[in-house]
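I have placed the structure first, in the form of structure tokens, so that the comments after it can refer back to it.
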Amino acid sequence: MEIQKLLKCKAIEMVNELYQAEISDSDIQLQITRPEFEGDFTIVVFPLTKLSRKSPQDTAVALGEALLKHVPEIEKYEVVKGFLNILFTKETWLNYFYTLAESVDFSWKTAPVSRKIMVEYSSPNTNKPLHLGHIRNNLLGYSVAEILKARGHTVIKANLINDRGIHICKSMLAWMKFGNGESPESSGLKGDHLVGKYYVIFDKEYKKEIAALVNTGISEEEAEKGAPLIKEAQQLLQLWEKGDPETIRVWKMMNEWVYAGFNETYNKLGVNFDKFYYESNTYLLGKDIVQEGLSKNVFTKREDGSVWIDLTKDGLDEKLVLRSDGTSVYMTQDLGTAQDRFNEFALDELIYTVGNEQDYHFKVLQLIFKHFGRSWWQSLHHLSYGMVDLPSGKMKSREGTVVDADDLIAEMIQAAEDKTKEQGKIDGISEDEQKELFRKIGLSALKFFLLKVDPKKKMLFNPEESIELQGFTGPFIQYTYTRIRSILRKAGELNNFNFSNVPLHSEEKEVIKLLSRKDEILREAEENLSPAIIANYAYELAKEFNKFYQVHSVLNETNSEIQKFRLSLCFKTAQCIAANLKLLGIEVPERM
RNA sequence: GGUCCCGUAGCUCAGUUGGAUAGAGCAACAGCCUUCUAAGCUGUGGGUCGAUGGUUCGAAUCCAUCCGGGAUCACCA
């Protein structure tokens, strides 16, 4: 049993016995002892004084004595103010680590109940290439899915591609008017970038028309609505909805270009999907739901035919769910797809990875299903993440301040190459292996930088900091891993260990303690849908290992029992680092 | 204006969901490589946890008010 769990159980037992009480798990406040005090774990006894009717000091001593008497694993206890510090024996820690090291593979404790969870993420528009904001989305969604899998859940990674609507018509129209048949093949441009180029051209030409109209004395608002280009784009959308063969042909062709481009970016990022949805297929869903809402009197129809839900009692506003002309809005579709997914997969949970600018939308979505009386309305989760800002301010596509995903990835890999070459440690590694190494380092810098921050919070992307290889970074953790691998390679095979009788130094114990927290960390990451918790843990573990590495030699240790113990410690630490980085989508190199 | 989120060291972020003297990284300064990879380790300086009041044995954490920043309130997505 884990040492922490053991202590908790025993503490409950002792308290109940001492005070004829019936406390449970949550009544014992257990924490890790702060480094300035002696001990492994600390029980906060203030809450127990109500039962004992004694001072914190006396209560702590009484509990400490009882524990010391009944739990042989405990070496000693110490009371400081209202805090009971418990120190376990060296053997207890060594035994714990022995059982951990005995199983060769790394594994986590899984959740008591395995659930079926769909994680939707990425969900791009097909009119422009991916940018830095999408990267945060993709990495978060992917990582959360991996975390849930590690907890033993069945996860379906879903990508709902927004492939229809006025935005794609704009790109199409510009290409038809100004493209001269340009294709990814003829231009050498990546498909999504090519389509994005025409989206920009549309915007430019459209603005020219607006300016010209304003010059003739028309108001700006009128000009925006009346410009020929926007009208043409709207006509194109109507043609698309009617299924006009030529329009559909161009639409399909340009979307194929975009998908090829996206796939390239997804592959570089190392993210993947089990299921793709396309809005062109799903945008009509949800009309049944509207009917159901009307018959249940959850929705109301107005004179003009539009359908609304009144959420003023929930502290929100009235919200449109169907236009007066009977066409869908975003909400209509989302209602339909959510229902569809629960029907098709019998999901226990549906997680949407979408920026926090849509908090309101998802609040409404959930409330609607609540009013419908769906049993699963609480199983809808919005993994709401903060925007990525630049030192220069916000990213705005119109002002050209977006950071392109492909460019950024290339820059990170280039920076990794430059810095690695500066170090001069990679002689004797083949060209191919070097390239692979630069890729792993560059991507780890990028991924770790974006994932180490609490998803809920907006974050600042500082390009210079992101390519750093020192300190709280992905490459630092990778570096720690390669130092361990180097030791293990030189040590050869690791067998027949038995280290019940070796000395245990504080640096070794600290590493073991951290290793022992792997399961609670994963559980916490699951609970909060937060890869940042994993990132912080991996960093802490690497840091703690480096402290050990600095003062204790493994290969030069002459006592073979001690050496085997340290080799095991190295091995398990490396495994734990690699496994946690994998949850973040970060690969580890063998040397760097 | 209504609703929601955020405010912690010069900068970027943690803070185990109410516990001990609030921690890391970067930046600055000072040390440590004939020893398993110095992309490392050790140390120093740096704080009115936005402000005020409240809740209690105890508050960065919970409540109220205020200040500052952001998001959102479309027959857009």
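Here the structure is a predicted model, which is why all the values come from computation and not from measurement. Every chain is numbered from 1 and lettered A, B, ... according to where its sequence line falls, protein lines coming before strand lines.
- A:Y539 comes within 4.0 angstrom of sugar-phosphate atoms only, judged by non-hydrogen atoms across all strands, and of no base.
- Below 30°, between 30° and 60°, or above 60°: for A:Y283 and A:W240 the angle between ring planes is between 30° and 60°, a tilted geometry.
- In this structure, A:V329 reaches the sugar-phosphate backbone alone: every heavy-atom distance under 4.0 Å involves primed, P, OP1 or OP2 atoms, never a base.
- Among the protein residues, A:N462 comes within range of no part of the nucleic acid, since none of its heavy atoms lies under 4.0 Å from any strand.
- Note: A:Y199 and A:H167 fail the aromatic proximity criterion, with ring centroids not under 6.0 Å apart.
- Backbone-only contact: A:K543 has heavy atoms under 4.0 Å from sugar-phosphate atoms and none from a base.
- Applying the 6.0 Å contact sphere to CD of A:Q31 captures more than 12 heavy atoms from other residues, nucleotides or ligands.
- Where stacking is scored as ring centres under 5.5 Å apart with planes under 30°, A:F83 registers as stacked on the base of B:A20.
- Separation of the A:F448 and A:F472 ring centroids falls under the 6.0 Å cut-off.
- The side chain of A:Y360 places no N or O atom within less than 4.0 Å of a non-bridging phosphate oxygen (OP1 or OP2) of B:U72.
- Residues from residues 33-40 of chain A with heavy atoms under 4.0 angstrom of RNA chain B, sorted by number: A:R34, A:F37.
- The gap from the C1' atom of B:A20 to that of B:A38 amounts to 36 Å, rounded to the nearest Å.
- Distances shorter than 4.0 Å separate none of the side-chain N or O atoms of A:K452 from OP1 or OP2 on B:G25.
- Between A:S486 and B:U37 there is a side-chain N or O to OP1 or OP2 distance below 4.0 Å.
- Residue-level contact check: A:K319 touches neither bases nor backbone, having no heavy atom under 4.0 Å from any strand.
- For A:R489, the CZ atom counts as densely surrounded, since its 6.0 Å shell holds more than 12 non-hydrogen atoms of other residues, nucleotides or ligands.
- On the P atoms, B:G43 is 14 Å away from B:G23, given to the nearest whole Å.
- Remark: A:E465 pairs with A:F449, A:N462 by the side-chain contact (heavy atoms from CB on, under 4.5 Å) rule, at least two apart or across chains.
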Its dot-bracket string being built from Watson-Crick and G-U pairs below 3.5 Å, with | for another strand and [ ] for crossing, RNA chain B has the pattern (((((((..((((.....[...)))).(((((.......))))).....(((((..]....))))))))))))....

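- Nearest nucleotide to the side chain of A:P47, out of B:A20, B:G19, B:C11: B:G19.
- For the P atom pair drawn from B:A27 and B:A39, the interatomic distance equals 14 Å after rounding to whole Å.
- Comparing B:U61 with B:G18, their C1' atoms sit 7 Å apart, to the nearest whole Å.
- Ring geometry, A:F548 versus A:H552: the interplanar angle falls from 30° to 60°, so the pair is classed tilted.
- Spacing of C1' atoms, B:U8 relative to B:G69, comes out at 16 Å, to the nearest Å.
- Residue A:V554 is in base contact, counting any heavy-atom pair closer than 4.0 Å across all strands shown.
- Salt bridge A:D40/A:K509: present, at least one basic N to carboxylate O contact under 4.0 Å.
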